[in-house]
Amino acid sequence: MQNQTAYAHHITDIIKVMNGGIEFYQEAKNKLDDTTYQAFFDRMIEAKQEAATDLQPFAIDEQGEVELDNSTLVKAHQTYTKLLSNISGDSTAFTYIDQLEELEDKVLEELDHALVRNQPQDCEVTLRRIKVKMQECHDEMKALQKTAAQH
């Protein structure tokens with residue numbers, strides 16, 4: 001009888017998106033320099049840092065080392081936002097908020113992708129807990145996006 005060991009799957013991709021999100025929120029904080037959004041962005045950064053930290057043991061299980069990279073898709077959103085700001089001469093909050101809301105969609109998509117896979121029990125429990133927190137972040141960002149669009 002062969003011993004089946006369950007390995008974590010798709011965890012490094014989630015961490016890459018989280019790391020990219022942290023970087024993108026920090027950039028938005030610096031660019032906007034508006035105290036209205038600072039605490040909000042800080043909460044989003046902290047939630048993603050905590051999630052990435054909680055997932056690192058499973059990344060080590062998956063690839064043998066800590067995942068420090070970030071997602072190319074998130075980088076593309078950052079570049080797009082910068083380009084849009086330069087073309088329009090406008091670094092408005094709405095431009096950033098719109099792209100950050102898409103980032104939140106991507107985070108949930110990556111978590112869902114991992115949750116449909118056969119994960120070790122402790123990994124699945126961690127993913128489900130993180131998904132609840134990231135859904136809250138998404139919902140907050142969606143509400144902020146709707147408010148920003150009205151102004």
Side-chain angles (χ1 to χ4, degrees), residues 8-59 62-63 66-151:
H9 301 282
H10 199 70
I11 304 305
T12 56
D13 294 326
I14 296 169
I15 294 171
K16 287 176 184 180
V17 171
M18 296 288 182
N19 288 343
I22 292 164
E23 190 177 298
F24 198 4
Y25 274 106
Q26 288 171 333
E27 177 187 313
K29 264 181 61 173
N30 294 336
K31 283 280 189 183
L32 297 178
D33 197 29
D34 182 345
T35 56
T36 310
Y37 303 108
Q38 298 298 311
F40 179 83
F41 289 166
D42 283 341
R43 277 196 325 275
M44 298 294 141
I45 290 167
E46 186 176 311
K48 281 165 188 46
Q49 287 171 331
E50 186 177 301
T53 299
D54 290 351
L55 289 171
Q56 284 297 351
F58 305 110
E62 183 180 1
Q63 71 179 7
V66 171
E67 180 58 61
L68 300 172
D69 202 1
N70 59 34
S71 170
T72 16
L73 182 65
V74 175
K75 281 281 197 202
H77 276 291
Q78 280 178 283
T79 303
Y80 172 77
T81 304
K82 285 179 191 174
L83 181 63
L84 194 60
S85 293
N86 289 338
I87 290 171
S88 66
D90 181 27
S91 289
T92 64
F94 183 73
T95 303
Y96 276 95
I97 289 169
D98 199 40
Q99 293 300 305
L100 289 166
E101 192 279 331
E102 286 190 31
L103 165 74
E104 295 300 333
D105 288 343
K106 180 66 176 165
V107 166
L108 292 176
E109 180 184 308
E110 293 297 329
L111 285 164
D112 286 342
H113 185 73
L115 283 165
V116 297
R117 308 207 47 191
N118 185 23
Q119 302 287 1
Q121 186 178 358
D122 53 345
C123 182
E124 184 164 339
V125 167
T126 301
L127 286 167
R128 291 194 183 287
R129 181 178 44 77
I130 289 170
K131 169 104 189 263
V132 168
K133 182 66 177 171
M134 293 303 113
Q135 184 67 56
E136 290 170 5
C137 290
H138 174 271
D139 294 348
E140 278 189 70
M141 183 53 77
K142 193 72 168 169
L144 183 62
Q145 183 185 35
K146 286 180 183 175
T147 303
Q150 293 170 354
H151 293 154

Discussion item. Is it the case that the side chain of E62 and the backbone of H10 share a donor-acceptor pair, with hydrogens and angles ignored and the cut-off at 3.5 Å?
Written reply: yes
Response to the item:
Shortest non-hydrogen pair, E101 vs M141, comes out as CA-CG, 3.5 Å
Discussion item. Could you check whether atom CD of E46 has more than 12 heavy atoms from other residues, nucleotides or ligands sitting under 6.0 Å from it?
Written reply: no
Practice prompt. Give the C-alpha distance, both sets of side-chain angles, the deciding distance and a yes or no for salt bridge (charged side-chain N to carboxylate O under 4.0 Å, His left out) between E124 and R128.
Written response: CA-CA 6 Å; E124 184 164 339; R128 291 194 183 287; 2.9 Å; yes
Worksheet item: Under a 4.5 Å cut-off applied to non-hydrogen side-chain atoms, are Q119 and F58 in contact?
Response: no
Worksheet item: Heavy-atom distance under 4.5 Å between the side chains of V107 and H138, does that happen here?
Response: no
Discussion item. Could you report the tightest heavy-atom contact between I15 and A59, atom names first, then the distance?
Written reply: CD1-CB, 3.6 Å
Discussion item. Does any part of the side chain of L127, heavy atoms only, come nearer than 4.5 Å to the side chain of I14, both counted from C-beta?
Written reply: yes
Discussion item. Measuring only between side-chain heavy atoms, which start at C-beta, is V132 closer than 4.5 Å to E136?
Written reply: yes
Worksheet, complete the sentence: Heavy atoms of K131 and L111 approach each other most closely as CA-CD1, 3.8 Å
Response to the item:
Tightest non-hydrogen contact, residues C123 and I11, listed as SG-CD1, 3.6 Å
Discussion item. With heavy-atom distances below 4.5 Å as the criterion, would you say the side chains of M18 and M134 are in contact?
Written reply: yes
Discussion item. Quick check: closest heavy atoms across H113 and R117, and the distance to 0.1 Å?
Written reply: O-CG, 3.2 Å
Practice prompt. Grab the two heavy atoms, one from A28 and one from L100, that are nearest each other, plus how far apart they are.
Written response: CB-CD1, 4.0 Å
Item to complete: Check the pair E104 / K48 against salt bridge (charged side-chain N to carboxylate O under 4.0 Å, His left out), numbers first and verdict last.
Response: CA-CA 10 Å; E104 295 300 333; K48 281 165 188 46; 2.9 Å; yes
Worksheet item: Quick one: do E140 and R43 make a salt bridge, cutoff under 4.0 Å?
Response: yes
Practice prompt. Would you sort out whether V17 and E109 count as a side-chain contact (heavy atoms from CB on, under 4.5 Å), showing the intermediate values?
Written response: CA-CA 10 Å; V17 171; E109 180 184 308; over 6 Å; no
Practice prompt. To the nearest 0.5 angstrom, please state how far the CG atom of D112 sits from the CD atom of Q135.
Written response: 8.5 Å
